[in-house]
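Take a look at the structure set out below.
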Amino acid sequence: MAKVFIINGGQVFDESKGLFNKLLAEWTGDFLEENGFEVRITNTGDDFDIQQEVENFTWADVIVVHTPIWWFQVPYKLKQYVDLVFQNGRGKIYKSDGRSRTNPEINYGTGGLLQGKQYMITSSWNAPEGAFTLKDELMGQTAVDTGVLFGFHIAMKFVGLTKLEGFHFYDIVKGLTPKRFEAYHNNYIAHLKRTFEPLKK
């Protein structure tokens, strides 16, 4: 059976209680377990053992990351988590930056050791979707994955992971009505079905 490692990047800080991303991790874990996947979950807002987290990456077939976006970046504890786990994962998560001294201009980022494994990311925003799609709005018609999350995707690629289609939740602070919440839930579960059905082993 396929093994999935879920990283909940939500955290409690100021007005944020981390509840939405905690719920997303529960939705994901419940769906996967009901469909025969092995699941592990880490909450980056809690204390964690770095070497255990390195092992979680090497154990998993798929890594799922749930993150809110704070000030157009991932929260600081999720960034700290990635920094600590990847830096201490040398020899297990990556072996080098991939270059040779004879031609150091090429092959940068090809030293990852997680080839054959995949990852998926969800992000949650106060910003409405129109902020990314409408002309003259803040994000300049730049999508989440090629804008704010670009560096995060490159870090995953650096260690050898292959990207699965993600899912983004917009306007969840001001605009999350019960109707929109239900629609998000239904659409996200449908996304999980499309994504993980081919991965059943």
Side-chain angles (χ1 to χ4, degrees), residues 1-11 17-69 74-75 77-78 81-82 84-86 88-89 91-94 112-125 144-145 149 152-153 155-170 172 176 178-201:
M1 94 180 37
K3 298 171 287 189
V4 182
F5 175 39
I6 299 169
I7 301 171
N8 172 16
Q11 62 188 77
K17 306 304 179 190
L19 297 178
F20 187 73
N21 281 272
K22 180 176 183 291
L23 182 61
L24 291 181
E26 291 171 356
W27 285 352
T28 306
D30 290 346
F31 171 85
L32 293 171
E33 288 177 345
E34 289 167 5
N35 284 274
F37 292 85
E38 290 185 64
V39 174
R40 295 182 184 178
I41 300 177
T42 285
N43 299 304
T44 61
D46 298 336
D47 292 335
F48 56 85
D49 178 88
I50 294 173
Q51 292 306 317
Q52 177 60 52
E53 299 308 308
V54 171
E55 196 273 330
N56 285 337
F57 273 86
T58 60
W59 167 85
D61 298 304
V62 182
I63 294 94
V64 176
V65 181
H66 296 299
T67 183
I69 301 298
V74 299
K77 287 191 177 180
L78 176 57
Y81 173 90
V82 172
L84 290 172
V85 174
F86 281 16
N88 286 277
K92 294 181 179 179
I93 291 178
Y94 73 101
L113 296 174
L114 301 183
Q115 286 86 0
K117 299 175 183 290
Q118 299 171 295
Y119 78 98
M120 184 188 94
I121 187 167
T122 74
S123 68
S124 50
W125 295 77
V144 173
D145 292 296
L149 287 181
F152 197 92
H153 286 303
M156 300 300 109
K157 187 177 181 180
F158 186 97
V159 297
L161 294 170
T162 299
K163 179 178 174 289
L164 293 168
E165 183 181 357
F167 195 97
H168 305 299
F169 299 84
Y170 302 99
I172 67 161
L176 194 61
K179 183 178 180 179
R180 289 187 68 242
F181 179 85
E182 182 179 5
Y184 264 145
H185 178 255
N186 293 337
N187 291 338
Y188 179 62
I189 295 302
H191 177 78
L192 290 177
K193 289 179 180 177
R194 289 192 301 270
T195 302
F196 284 94
E197 185 67 30
L199 303 180
K200 285 185 178 180
K201 296 180 181 180

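Quick caveat: nothing in here was measured; it's all calculated off a predicted structure.
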Residues 20-28, side-chain donor-acceptor partners within the protein, below 3.5 Å, at least two apart:
from  : atom 1 : to     : atom 2 : distance (Å)
Asn21 : OD1    : Thr67  : N      : 3.3
Asn21 : ND2    : Ser124 : OG     : 3.0
Lys22 : NZ     : Glu26  : OE2    : 2.8
Thr28 : OG1    : Leu24  : O      : 2.8
Thr28 : OG1    : His66  : NE2    : 2.9
Thr28 : OG1    : Tyr188 : OH     : 2.7

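- Counting heavy atoms from C-beta outward, Thr195 and Phe167 have side chains that stay 4.5 Å or more apart.
- To the nearest 0.5 angstrom, Tyr184 atom OH is 11.0 Å from Thr122 atom OG1.
- Put simply, the side chain of Asp61 does not reach to within 4.5 Å of the side chain of Phe37, judged on heavy atoms.
- Closest non-hydrogen pair, Glu165 versus His191, comes out as O-NE2, 2.9 Å.
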Could you walk me through whether Phe152 and Val82 pass side chain to side chain contact (heavy atoms under 4.5 Å, CB included), step by step? CA-CA 9 Å; Phe152 197 92; Val82 172; 4.0 Å; yes
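- Here Arg180 contributes atom CZ and Asn187 contributes atom CG; the two are 11.0 Å apart, rounded to the nearest 0.5 Å.
- Within the model, atoms CZ of Phe86 and OH of Tyr94 stand 10.0 Å from one another, a figure rounded to the nearest 0.5 Å.
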For Ile93 and Asn88, run side chain to side chain contact (heavy atoms under 4.5 Å, CB included): C-alpha distance rounded to whole Å, both residues' side-chain angles, the deciding distance at 0.1 Å, then the answer. CA-CA 9 Å; Ile93 291 178; Asn88 286 277; over 6 Å; no
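- Classification of Glu197 and Lys200 as a salt-bridged pair holds, one side-chain N sitting under 4.0 Å from a carboxylate O.
- Residues Phe57 and Val159 have side chains not in contact (no heavy-atom distance under 4.5 Å, counting atoms from C-beta outward).
- When side chains are defined from C-beta on, Asn35 does not count as touching Leu192, because their heavy atoms never get closer than 4.5 Å.
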Could you check Ile63 against Met156 for side chain to side chain contact (heavy atoms under 4.5 Å, CB included), going step by step and ending with a plain yes or no? CA-CA 10 Å; Ile63 294 94; Met156 300 300 109; 5.8 Å; no
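- Taking all atoms of both residues into account, the shortest heavy-atom contact from Pro75 to Pro68 is CD-O, 3.2 Å.
- When atom types are taken as modelled, the side chain of Gln11 and the backbone of Lys77 share a donor-acceptor pair closer than 3.5 angstrom.
- At least one side-chain heavy atom of Gln118 sits under 4.5 Å from a side-chain heavy atom of Leu199.
- Leu78 places a side-chain heavy atom less than 4.5 Å from the side chain of Ile7.
- Taking a 6.0 Å sphere around NZ of Lys163, one finds it holds more than 12 heavy atoms contributed by other residues, nucleotides or ligands.
- For Gln115, the CD atom sits in a packed shell: over 12 heavy atoms of surrounding residues, nucleotides or ligands are nearer than 6.0 Å.
- Between His168 and Asp145, the shortest heavy-atom distance links the atoms NE2-OD2, 2.9 Å.
- Using a 4.5 Å heavy-atom threshold, the side chains of Val65 and Val74 count as separate.
- Atom CD of residue Glu55 and atom NZ of residue Lys92 lie 8.0 Å apart, to the nearest 0.5 angstrom.
- Checked against side chain to side chain contact (heavy atoms under 4.5 Å, CB included), Asp49 has the following partners two or more places apart in sequence or in another chain: Gln51, Gln52.
- In this structure, the side chain of Lys117 does not engage the main chain of Gly160 through any donor-acceptor pair within 3.5 Å.
- Contact detail for Ser123 and Leu149: the closest heavy-atom pair is CB-CD1, 4.2 Å.
- The backbone N or O of Gly45 sits nowhere less than 3.5 Å from a side-chain atom of Asn43 that would complete a donor-acceptor pair.
- Under the side chain to side chain donor-acceptor pair (under 3.5 Å) criterion, Asp30 pairs with no residue, sequence neighbours left out.
- A distance of 9.5 Å separates OG1 in Thr44 from CD in Glu53, rounded to the nearest 0.5 Å.
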What do the steps show when you test Tyr119 against Leu114 for side chain to side chain contact (heavy atoms under 4.5 Å, CB included), and what is the final call? CA-CA 10 Å; Tyr119 78 98; Leu114 301 183; over 6 Å; no
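- When side chains are defined from C-beta on, Ile189 counts as touching His185, because their heavy atoms get closer than 4.5 Å.
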